[in-house]
Asks: 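Before we start, here is the structure in question, set down as structure tokens.
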Amino acid sequence: TLQAYHNSGFFLAIDSSAIVDSLEIKLVKFSNATAGLAYVNRGTVDNVNVKCDNLEADVGLVYRNEGTIRQSSFEGFFGGYGRFGPRGGGLVYINEGTISECYVNADVERDMPYVIAGFAVENHGTIENSFSVGDVLGMNDSAYSAVYLNTGVISKSYSVGKGYRAFAYKNQGTIENSYALKTRYF
């Protein structure tokens, strides 16, 4: 069990001049947390992989990304609730930076009618060449295979697995050369 300040993973914040590179984190169980790596990233996260079979957190890697995340991943299972309750996303909750060549291989299950997504709940930045694989299961049509809200740019990305909604629920930005497979849960 990892005990961290504000239950934020290894870092509360990754500063704009910081680089976190070539790191693999294996968590046995992580409860009541915001993220496996950091609450906020303003710097560069490169080749960081978080694995956890029982993650009770809001997201797998970074809660709020304002910097760059590339060639990084989360693998495992989301169950229970994170620090901010039953909502959550796969890799990040809010993206305002750039995410490239990243993936999530995880099932996300929540038993409350709050927004959950396979990759990111909100994208206001750029997501490119990335994917999520796994089932995203929630209540009352609250589960989305990739993102809930997109006001940024998503390109060359995909989502595979069961979910109540398609790739993005609210798209107010640009989604190009991206797709979702098997997105309806029956």
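Bear in mind that the values here come from a model prediction, so they are computed numbers and not experimental data.
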Asks: To the nearest 0.5 Å, how far apart are CG in Leu91 and CD1 in Ile99?
Replies: 5.5 Å
Asks: If you apply the rule side-chain hydrogen bond (donor to acceptor under 3.5 Å, both in side chains), what do you find for Asn49 with Ser73, and how did you get there?
Replies: CA-CA 5 Å; Asn49 303 292; Ser73 66; 2.5 Å; yes
Asks: A side-chain contact here means heavy atoms from C-beta on lying under 4.5 Å apart; do Glu122 and Thr151 qualify?
Replies: no
Asks: As an exercise, state the distance from CD1 of Ile127 to OG of Ser178, rounded to the nearest 0.5 Å.
Replies: 9.0 Å
Asks: Before giving the answer on side-chain contact (heavy atoms from CB on, under 4.5 Å), spell out for Leu37 and Ile14 the whole-Å C-alpha distance, their side-chain angles and the decisive distance to 0.1 Å.
Replies: CA-CA 9 Å; Leu37 179 67; Ile14 299 169; 4.1 Å; yes
Asks: For Ser159 and Ser132, which I'm curious about, is there any donor-acceptor pair between the side chains at under 3.5 Å?
Replies: yes
Asks: My understanding is that only one of Val45, Thr44, Thr98, Asp46 makes a side chain to side chain contact (heavy atoms under 4.5 Å, CB included) with Ile69; could you say which?
Replies: Val45
Asks: Could you state the interatomic distance from OG (Ser72) to CD (Glu24), rounded to the nearest 0.5 Å?
Replies: 11.5 Å
Asks: Grouping I, L, V, M, F, W and Y whenever their side-chain heavy atoms are under 4.5 Å apart, do Tyr148 and Val153 come out in a common cluster?
Replies: no
Asks: Do you reckon Leu12 sits in the same ILVMFWY cluster as Tyr93, going by side-chain contacts under 4.5 Å, direct or chained?
Replies: yes
Asks: Mind checking what makes salt bridge (charged side-chain N to carboxylate O under 4.0 Å, His left out) contact with Lys156, not counting sequence neighbours?
Replies: none
Asks: Could you check Val104, Asn95, Val92, Val59 and say which one makes a side chain to side chain contact (heavy atoms under 4.5 Å, CB included) with Phe119?
Replies: Val104
Asks: Return the CG to CG distance between Asn123 and Leu149, rounded to the nearest 0.5 Å.
Replies: 8.5 Å
Asks: When rounded to the nearest 0.5 angstrom, what distance separates CG in Asn41 from CG in Asp15?
Replies: 10.0 Å
Asks: State yes or no: do Phe10 and Phe74 share one hydrophobic cluster built from I, L, V, M, F, W and Y residues joined by side-chain heavy-atom distances below 4.5 Å, directly or via other members?
Replies: yes
Asks: Could you point out which residue of Asp21, Val20, Leu23 forms a side chain to side chain contact (heavy atoms under 4.5 Å, CB included) with Asn47?
Replies: Asp21
Asks: I need the Ser130 OG to Glu101 CD distance, nearest 0.5 Å.
Replies: 7.5 Å
Asks: If hydrophobic clusters are built by linking Ile, Leu, Val, Met, Phe, Trp and Tyr wherever their side-chain heavy atoms come under 4.5 Å apart, do Val133 and Tyr179 end up in the same one?
Replies: yes
Asks: My understanding is that only residues two or more places apart in sequence, or in another chain, count here; which of them pass salt bridge (charged side-chain N to carboxylate O under 4.0 Å, His left out) with Glu66?
Replies: Arg42, Arg64
Asks: Test of understanding: clusters of I, L, V, M, F, W, Y form through side-chain heavy atoms closer than 4.5 Å, transitively. Do Leu181 and Tyr103 belong to the same one?
Replies: yes
